[in-house]
2 protein chains.
Amino acid sequence: MNPAPYAYLRGDFVPLDQAFLHVSDLAVQRGYGIFDFLKVQDGHPLFLDYYLDRFYQSAELMELVVPLARPELVAVLRQLIGRNNLPLSGIKLLLTGGYSSSGYEPPAQANLIITQQPIALPTPEQLARGLRIISHEYVREFPAAKTINYTMGIRLLKRLQALGADEVLYHQQGAVTEFPRANFFIVRQDDTVVTPAANVLGGITRRNILGLSGRPYRIEEGPVTLHDVRQAKEAFLTSTTKLVMPVVQLDDHVIGSGQPGRVTLDLLHALTQLEQQQLTQSYA
Amino acid sequence: MNPAPYAYLRGDFVPLDQAFLHVSDLAVQRGYGIFDFLKVQDGHPLFLDYYLDRFYQSAELMELVVPLARPELVAVLRQLIGRNNLPLSGIKLLLTGGYSSSGYEPPAQANLIITQQPIALPTPEQLARGLRIISHEYVREFPAAKTINYTMGIRLLKRLQALGADEVLYHQQGAVTEFPRANFFIVRQDDTVVTPAANVLGGITRRNILGLSGRPYRIEEGPVTLHDVRQAKEAFLTSTTKLVMPVVQLDDHVIGSGQPGRVTLDLLHALTQLEQQQLTQSYA
């Protein structure tokens with residue numbers, strides 16, 4: 001068994017299995033904190049700037065101060081990546097409310113914890129099978145911020161299991177938003193690719209898909225209803241670890257052919273190429 | 001300086017300043033957990049049965065298993081109270097999602113942490129002054145469960161400070177519900193005392209007020225709108241630590257005379273008597 005990878009905890013590098021927080025932390029007391037999650041391949045943190053932009057933005061939205069300026073944070077990430085030397089991993093940047101003597105009022109100092117752990121990408125079998133999803137009416141409290149509040153998503157895990165479904169898609173009065181940990185796209189019958197614009201977290205993979213050029217179809221943000229999903233030719237989710245994953249069923253309705261579609265697979269291919277380009281670039 | 005009181009952490013008694021959780025805990029990773037908070041006076045945990053009822057109910061609603069059966073939990077509380085020997089304190093029962101290897105899926109074992117710390121009751125000056133409150137549209141995600149998600153309440157602290165207000169009262173489209181950490185009552189012009197019934201946590205002090213008998217006015221649950229509050233003769237909040245606290249202003253509107261009212265102070269007196277009765281009773 002390999003030793004635990006190193007983590008960064010409130011200013012120090014410690015083995016992950018020794019990374020502890022005092023129970024007075026506002027994450028423990030009040031679920032208060034934000035985070036981000038990025039992928040590292042062969043020593044390269046992919047799309048690092050985008051993830052750091054979002055991390056600092058989430059902190060600001062929740063009135064938390066990241067204790068490291070951006071160049072310092074990048075230096076810490078570089079050290080951590082060098083020490084752990086993992087071939088394919090995820091790095092989690094976690095900023096909690098900090099140690100609060102009252103257990104409610106945020107202290108001046110937030111707690112920054114950075115962990116790195118191996119991850120696995122979807123297998124060809126998972127890709128070929130696609131995902132079956134269910135819908136649930138819910139909007140996150142602060143959609144623009146990546147807060148640590150996943151109470152609803154976790155509370156729905158047993159329902160997913162009972163129904164044999166893979167993921168839950170949130171909507172508000174039929175207007176589709178996002179998954180707990182991923183964004184959502186449909187491919188309309190005219191091949192236009194659309195992802196919901198309102199009440200969603202700005203996913204980095206979502207952003208990369210929206211930024212693709214040179215495809216023989218349009219890719220855009222816009223309203224998507226549950227009805228639109230049922231009428232769609234294809235559907236897929238995007239996330240840092242799941243990349244582009246076909247969605248083949250919503251509740252009792254089979255989407256399109258019930259198989260991963262041509263446009264979905266084309267976008268997965270394009271995203272993979274974009275990631276490969278990152279591997280040839282260095283980070284500051 | 002006194003040494004840190006003892007806490008109960010995952011099966012052991014440890015000094016509070018040594019009570020740490022691994023960062024893989026689902027409270028840290030995903031804000032997932034429930035808690036309860038009760039008052040201990042001169043060795044007596046007041047209304048213990050009610051608090052334990054609610055604690056186990058919150059756990060069940062969030063699909064967490066309390067690792068101790070109720071008689072064992074009471075024995076642990078008795079030990080903790082005996083060891084710490086504090087004259088007036090609050091005990092927090094915290095049940096977090098537990099150490100999750102995936103950082104998302106709940107493990108079989110939740111983490112139980114019990115802390116005890118001195119508390120202060122409201123001063124006569126605070127009571128005489130009363131509270132100024134503001135309204136904010138928000139409903140907690142799981143109103144019946146005492147989850148640790150206080151993201152909204154904490155996020156609103158700076159607004160309270162900027163406006164010179166003490167507390168924020170949640171409402172949904174004008175239907176008043178509760179404070180982040182307290183229940184709300186109004187006294188109508190006919191002296192009827194009313195507390196909102198829907199989308200609120202079942203507060204123990206609220207329950208005790210509703211259970212009072214022999215008053216020359218009715219005390220009941222029912223819908224309360226922001227308009228009702230502005231028309232009320234008196235208003236107050238109830239909580240374990242704040243007991244019955246007069247509310248004298250809502251947003252820009254002075255409630256009643258702007259002073260703590262007769263019915264409010266009568267109920268505070270009755271609650272204090274009820275608490276004193278508890279001190280003469282033992283707990284199993």
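Model, not experiment: these values are computed from the prediction. Sequence lines set the chain letters: A, B, ... in the order given, protein chains first and strands last, and positions in each chain run from 1.
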Within 6.0 Å of CZ in B:F37, more than 12 heavy atoms from elsewhere:
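Enclosed.
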What do you reckon, is CD of A:E60 surrounded by more than 12 foreign heavy atoms closer than 6.0 Å?
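No, CD of A:E60 has 12 or fewer neighbouring heavy atoms, counting only those of other groups under 6.0 Å.
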With a 4.5 Å heavy-atom cut-off (strictly below), which parts of residues 158-183 of chain B touch chain A? List them by number.
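Only B:K158, B:P180, B:R181 of residues 158-183 of chain B have a heavy atom under 4.5 Å from chain A.
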Sort by residue number and list every residue of [range] having at least one heavy atom under 4.5 Å from chain B.
| range | result |
| --- | --- |
| residues 85-93 of chain A | A:K92 |
| residues 140-156 of chain A | A:E141, A:F142, A:I148, A:N149, A:Y150, A:T151, A:M152, A:G153, A:I154, A:R155 |
| residues 19-36 of chain A | A:A19, A:F20, A:L21, A:H22, A:V23, A:L26, A:A27, A:V28, A:Q29, A:R30, A:G31, A:Y32, A:F35 |

Taking side chain as everything from C-beta outward and backbone as N, CA, C, O, which of these in A:Y99 sits under 4.5 Å from a heavy atom of chain B? Side chain, backbone, both or neither.
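Only the side chain of A:Y99 comes within 4.5 Å of chain B.
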Given heavy-atom pairs under 4.5 angstrom as the criterion, report whether the side chain, backbone, both or neither of A:L61 touches chain B.
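Backbone only.
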